[in-house]
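Beneath this line is the structure, given in structure tokens, with notes to follow.
Throughout, protein chains are lettered first and strands after them, A, B, ... in sequence-line order, and every chain is numbered starting at 1. Note that these values count all heavy atoms, side chains included, but never hydrogens, waters or copies made by symmetry.
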Amino acid sequence: MGLNSIEVKKAFAESLGESMKKVIGFMGVDISVSVAEIANSISIPRPEQGDFSSSICFSLAKAAKKSPALIAHEIASAMNSGTSKKDYMKKISEENGYINLWIDEVRYSASILESILEEKAKYGTSGIGAGIKAIIEFPSVNPNKPWHIGHLRNALLGDSISRILSANSYSIEREDYIDDLGLQMAEILWGEDKLGSQEGKKYDTMLGEAYVQINKDITEKHAESDVNAILKKMEDTESEESQKIRRISEKSVRAQYETAFAYGIYHDVLIWESDVVRKRLLKNALEFMALKKITSLRTYGKYKDCTVIASNSEKTETEESDSEDNVKVLIRSNGVATYVAKDLAFHMWKLGIIDPGFEYSKFLMQPNGQEVYTSSDKGARMNFGRADIAINIIGSAQQHPQNLLKKVFEEITGESRIIHIAYGEVSVKGGTLSGRKGGWMGTAKSYTADELLSEMEKITSQIVANGKKAEDSKVLPDVPRKVALAAIKFEFLKVDPEKKVVFEWEKALDLNSNSGPYCMYTYARASRILEKAEMAQDGFDLGPGDFSRVTRGEDFKIIKHIGTMQEIIEKACREYKPSIIAGYAMELSLMFSNFYESMPVLGGGESKNLRVAIVMAAKQALFNMLGLINIETAERM
RNA sequence: GGGCAUGUGGCGCAACUUGGAUAGCGCAUCUGGCUUCGGACCAGAUGGUUGCGGGUUCAAAUCCCGUCAUGCCCGCCA
């Protein structure tokens with residue numbers, strides 16, 4: 001069994017617990033503290049103070065009526081003389097009321113290095129999500145425009161969270177919801193004659209630009225009622241309008257997915273709103289909710305003839321004083337369902353509450369070799385849906401409808417199975433990225449995901465070209481693109497999801513302040529050192545003599561950090577935060593730089609084997625962590 | 001008016017969920033380092049009353065109350 005920070009914390013806590021019982025019993029005080037509580041008091045202190053540290057004595061002080069320092073002293077000596085201490089725990093010290101564990105650096109290093117070199121890509125993964133199926137939805141962009149940088153943030157978050165959950169043994173289904181029956185597509189159809197006029201453009205971009213013009217025309221010509229008529233016709237999925245829009249949408253989504261593929265973002269299944277309607281999912285869902293008395297038909301007041309969800313029920317039953325806050329319309333008085341109604345129905349599919357009998361067919365072969373499927377009017381039944389939890393990557397602007405969704409499902413299932421990752425939306429210096437007004441089109445450069453990548457790649461190509469020496473001809477041609485992608489992905493994923501982002505070209509394209517390429521650089525350095533070390537990459541024999549060369553310097557520091565990987569990956573999973581992974585990768589890169597600056601590897605003499613092993617381990621750790629934020633590495637750059 | 005989120009050196013962020021030792025990191029600025037495994041690098045320095053005011057505690061960036069600022073949401077739109 002390999003040791004890591006989780007194991008050590010657990011063992012330390014147990015050992016502390018046993019010693020505490022003795023000491024406190026001796027002191028004549030009756031205190032019970034759970035092992036979990038002790039474990040919670042353990043953190044990783046500054047290296048001068050030990051490897052692990054517990055502040056538990058502070059919590060005991062009051063009840064025991066002794067100073068924390070005295071209790072710490074008693075416990076530490078009991079642990080040092082007792083048997084509860086594991087053999088890899090070298091000594092227990094005590095300082096200012098803290099109990100500090102000093103681990104046997106040779107044993108700990110051996111255990112961690114052997115584990116990571118053995119487990120490779122699996123190192124750091126966990127089983128906390130085993131047996132749980134999660135459907136994760138992203139980015140669900142309307143099919144009338146290209147992905148802009150806001151959609152990109154959404155997609156990168158969804159993709160990375162999927163990877164992180166997978167690494168924790170969750171079974172993941174990546175789903176994308178396509179709203180082909182919405183107002184925006186009706187508007188596209190209204191202004192159909194504006195389409196296709198621009199040759200050589202990507203289809204989604206062409207649509208997006210046309211849409212801005214169409215939207216303007218509609219306002220100027222007061223054509224809203226015409227659009228509504230189209231919208232109404234589209235509700236019939238067999239209508240000519242509906243079929244035509246579906247064809248336009250499919251073409252548009254294929255164009256959008258060219259962008260997704262360029263960023264290495266893939267899906268498992270697309271669900272179309274038109275299929276939701278066709279399969280009467282909405283109808284069934286509404287019946288279900290009526291039966292459960294979640295919804296009701298209003299016969300009075302402001303919402304007369306609407307089907308609504310009212311959160312504070314009977315009190316205002318006969319009054320017209322419904323406050324807007326607690327009534328949500330699902331079916332309008334004209335019989336048309338609202339978006340929220342469709343979303344509720346859709347989540348009944350996701351969570352397996354209603355099976356609409358979707359059929360699926362192949363939509364696209366993705367560059368990762370996996371087919372993405374689509375709901376369809378003809379195809380086969382497949383195993384999509386029926387998830388235990390549904391994770392929605394949706395901007396924080398939709399907090400309200402998402403909360404309503406969660407509340408309704410808590411009522412239905414009795415537990416919380418919908419998770420809304422409410423990320424802060426992306427804006428640009430001058431304003432918003434509105435699709436309607438065309439904010440994404442920018443002025444000099446557009447704010448599309450495509451444009452961002454191509455601009456970034458110009459810069460990285462230049463840098464690679466400038467830095468290239470004659471001997472560097474082994475740098476592969478895909479490196480500039482990889483570096484560009486690393487820069488963009490790291491920049492978006494290093495900040496907490498809930499923070500809002502203001503995009504600026506100048507800052508985005510400044511590679512000096514960007515950590516993605518730095519991590520890649522570190523990886524490339526590690527690769528080159530190993531190449532020069534001329535040892536087989538697939539493990540070489542390390543003996544006890546090699547491990548005994550470990551010091552309490554930069555070498556042990558980086559090993560200890562690698563030992564926290566599983567803990568970090570679990571934390572990122574529980575909190576749905578790729579930023580935790582990005583932060584770790586950055587720290588690891590910095591530590592690695594410190595390590596190889598201060599400890600020569602090839603000229604390491606007796607320590608050479610150990611240091612080569614550390615380089616291998618760090619390289620693997622970096623590879624695993626960067627993989628979770630979808631950043632590819634390169635052996636040379 | 002109500003709800004949610006954010007506020008940490010000049011700038012961008014971390015630590016807050018689970019209170020703990022000297023509040024970390026990057027950029028920028030200043031100083032130094034390439035005959036030695038790749039300078040997309042490293043070392044050192046400058047810079048903080050954690051928006052403000054109370055409270056709880058042995059201990060508060062972290063918890064509680066209040067307050068200010070900013071953003072988003074609150075429609076028979078999606």
Below 4.0 Å: OP1/OP2 of B:G7 and any side-chain N or O of A:Lys499 = yes
A:Asp555 CG to B:C37 C1', straight-line distance once rounded to whole Å | 16 Å
Taking atom C1' in both B:A60 and B:G54, what distance in whole Å separates the two?
-> 13 Å
Counting any heavy atom closer than 4.0 Å, what does A:Leu590 reach on the DNA or RNA strands: base, sugar-phosphate only, or nothing?
-> sugar-phosphate
Can you check the A:Leu60 CG to B:C58 C1' distance for me, whole Å?
-> 13 Å
Is it true that A:Glu635 and A:Lys619 have a side-chain N and a carboxylate O under 4.0 angstrom from each other?
-> yes
May I have the distance from A:Lys494 (atom NZ) to B:A15 (atom P), rounded to whole angstrom?
-> 14 Å
When all nucleic acid strands are considered with a 4.0 Å heavy-atom cut-off, which category describes A:Glu587: base, sugar-phosphate, or nothing?
-> nothing
Partner of B:A59 under the Watson-Crick or G-U wobble criteria, both distances under 3.5 Å, comes out as none
Quick one: do A:Val428 and A:Ile149 satisfy side-chain contact (heavy atoms from CB on, under 4.5 Å)? Show the steps, please.
-> CA-CA 10 Å; A:Val428 291; A:Ile149 51 177; 4.1 Å; yes
Which part of the nucleic acid does A:Gln49 contact within heavy-atom distance under 4.0 Å: base, sugar-phosphate only, or nothing?
-> base
Counting any heavy atom closer than 4.0 Å, what does A:Val601 reach on the DNA or RNA strands: base, sugar-phosphate only, or nothing?
-> base
Can you tell me the pairing partner of B:C37 across any strand shown, Watson-Crick or G-U wobble, with both distances under 3.5 angstrom?
-> none
Rounded off to whole Å, could you give me the CG-to-P distance for the A:Leu511 and B:G12 pair?
-> 20 Å
If you look at every strand shown and take non-hydrogen atoms under 4.0 Å, does A:Asp496 touch a base, only sugar-phosphate, or nothing?
-> sugar-phosphate
Pick base, sugar-phosphate or nothing for A:Thr338, based on heavy-atom distances below 4.0 Å to the nucleic acid.
-> sugar-phosphate
How is A:Arg46 classified with respect to the nucleic acid when contacts are heavy atoms under 4.0 Å: base, sugar-phosphate, or nothing?
-> base
Contact class for A:Asp305 vs. all strands (heavy atom < 4.0 Å): base, sugar-phosphate, or nothing?
-> nothing
If you look at every strand shown and take non-hydrogen atoms under 4.0 Å, does A:Tyr98 touch a base, only sugar-phosphate, or nothing?
-> base
Same-atom distance (P) from B:G24 to B:A69, integer angstrom | 32 Å
Answer with base, sugar-phosphate or nothing: what part of the nucleic acid does A:Val615 contact at a heavy-atom distance below 4.0 Å?
-> nothing
B:G38 pyrimidine/purine six-ring stacking with A:Tyr521, under 5.5 Å and 30° = no
Just one of A:Leu493, A:Ile421, A:Leu156 clears the side chain to side chain contact (heavy atoms under 4.5 Å, CB included) bar with A:Ile161, so which one?
-> A:Ile421
Nearest-Å distance, OH (A:Tyr518) to P (B:C27)?
-> 9 Å
Would you classify A:Asn594 as touching base, sugar-phosphate or nothing, given that sugar-phosphate means primed atoms plus P, OP1 and OP2, and contacts are heavy atoms under 4.0 Å?
-> sugar-phosphate
Give A:Lys342 one of three labels, base, sugar-phosphate or nothing, depending on what nucleic acid heavy atoms sit under 4.0 Å from its own.
-> nothing
Partner of B:G1 by Watson-Crick or G-U wobble geometry, both contacts under 3.5 Å, or none?
-> B:C74
What does A:Ala61 touch in the nucleic acid at a heavy-atom separation under 4.0 angstrom: a base, only the sugar-phosphate, or nothing?
-> nothing
Which part of the nucleic acid, if any, lies within contact of A:Met591, taking any heavy atom under 4.0 Å across all strands shown: a base, the sugar-phosphate backbone alone, or nothing?
-> nothing
Whole-Å distance, A:Lys62 NZ to B:U57 C1', equals 8 Å
